[in-house]
**Q** 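Let me give you the structure first, and then I'll get to my questions.
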Amino acid sequence: SVPFMPRIYSRKYCSKGCQDEGSRRNYNPMHRFENQHIPEPNSGCWLWLGAPNSAGYGVMEISDRKFLAHRFAYERFCGPIPDGKWVLHGCDNRICVNPDHLHLGDHDKNMYEMSSRDRSLFGERSPLAKLTEIQARAILAMPGTHQSIADEFGVHRVTVTDIKSGRNWRRLQ
């Protein structure tokens with residue numbers, strides 16, 4: 001787990017030195033980037049100290065425009081991001097901006113990595129789950145009409161249909 005660190009929210013200047021009259025460093029995006037992350041010695045992650053967005057990814061502001069910090073890091077250290085490509089975290093840490101932990105992919109690759117690393121909220125880990133895995137396995141194996149099975153488990157008939165057809169709980173198939 002990440003140790004507690006005070007959160008520094010986006011502001012016009014990255015430090016007191018940048019705020020001083022005559023200083024032009026506040027217009028240098030790289031300087032701002034360097035002042036808003038710290039290395040984490042155990043994982044090698046560079047932890048973003050700036051503001052996060054609602055999804056938990058670091059955000060930095062440059063010339064009144066917001067950029068995802070990990071995408072900024074990738075472009076600065078690794079090169080341009082082709083159209084349609086995503087910058088993925090190999091370390092699974094949303095606030096990491098270490099370019100060595102970032103790689104290109106697309107939505108499908110991101111979903112595959114999430115699933116293979118067991119980070120997806122499937123089955124009873126989903127906040128929307130009405131059944132446990134044991135109950136879903138029992139429904140899958142039970143004979144009878146979907147309505148009778150649904151009545152026995154206290155769920156809607158469509159829930160049973162979705163389990164038996166493989167639309168839900170497909171890992172049990």
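Heavy atoms only: backbone and side chains are in, while hydrogens, waters and symmetry mates are out.
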**Q** Find out whether Val59 and Pro52 are in side-chain contact, i.e. whether some heavy atom of one side chain is under 4.5 Å from a heavy atom of the other.
**A**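 No - every pair of side-chain heavy atoms lies 4.5 Å or more apart.
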
**Q** When you check the gap from the basic side-chain N to the acidic O, do Glu61 and Arg65 get nearer than 4.0 Å?
**A**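 Salt bridge between Glu61 and Arg65, a charged N being under 4.0 Å from a carboxylate O: no.
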
**Q** With a 3.5 Å distance limit and no angle check, can you tell me whether Asn35 reaches the backbone of His31 through a side-chain donor-acceptor pair?
**A** yes

**Q** Between Ser116 (side chain) and Tyr112 (backbone), is there a donor-acceptor pair under 3.5 Å?
**A** yes

**Q** Would you say the side-chain atoms of Arg32 pair up with the backbone N or O of Met60, donor to acceptor, closer than 3.5 Å?
**A**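 Flag not set: sc Arg32 to bb Met60 has no pair under 3.5 Å.
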
**Q** Is any side-chain N of the basic residue among Glu75 and Arg71 closer than 4.0 Å to the acidic one's carboxylate O?
**A** no

**Q** Heavy atoms, side chains only, cut-off 4.5 Å: are Phe67 and Pro29 in contact?
**A**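 Phe67 vs Pro29: side chains apart.
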
**Q** Taking Asn98 for its side chain and Gly44 for its backbone only, find out whether a donor-acceptor pair lies under 3.5 Å.
**A** yes

**Q** Can you tell me how far OG of Ser43 sits from CG of Asp92, rounded to the nearest 0.5 angstrom?
**A** 11.5 Å

**Q** Counting only N and O atoms by type, is there a donor-acceptor contact under 3.5 Å from the side chain of Lys164 to the main-chain atoms of Ile139?
**A** yes

**Q** Spell out, as yes or no, whether a donor-acceptor pair under 3.5 Å connects the side chain of Ser115 to the backbone of Met111.
**A** no

**Q** State, yes or no, whether a side-chain contact exists between Phe72 and Phe77 at a heavy-atom distance under 4.5 Å.
**A**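 No, too far: nothing below the 4.5 Å cut-off.
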
**Q** Using a 3.5 Å distance criterion without hydrogens, assess whether the side chain of His89 forms a donor-acceptor pair with backbone atoms of Cys91.
**A** no

**Q** How far does CH2 of Trp86 sit from NZ of Lys109, to the nearest 0.5 angstrom?
**A**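 So the gap between those two atoms works out to 13.0 Å.
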
**Q** For residues Glu113 and His103, is any side-chain donor paired with an opposing acceptor at under 3.5 Å?
**A**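 Note: Glu113 and His103 side chains meet the donor-acceptor criterion.
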
**Q** Passes side-chain contact (heavy atoms from CB on, under 4.5 Å), Val97 versus Phe33? Steps please.
**A** CA-CA 9 Å; Val97 294; Phe33 176 82; 3.7 Å; yes

**Q** May I have the step-by-step check of side-chain contact (heavy atoms from CB on, under 4.5 Å) for Trp169 and Leu140, ending in yes or no?
**A** CA-CA 9 Å; Trp169 294 89; Leu140 197 56; over 6 Å; no

**Q** Looking at Tyr74 versus His70, is the centre-to-centre ring distance below 6.0 Å?
**A**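 Centroid distance Tyr74-His70: not below 6.0 Å, so no.
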
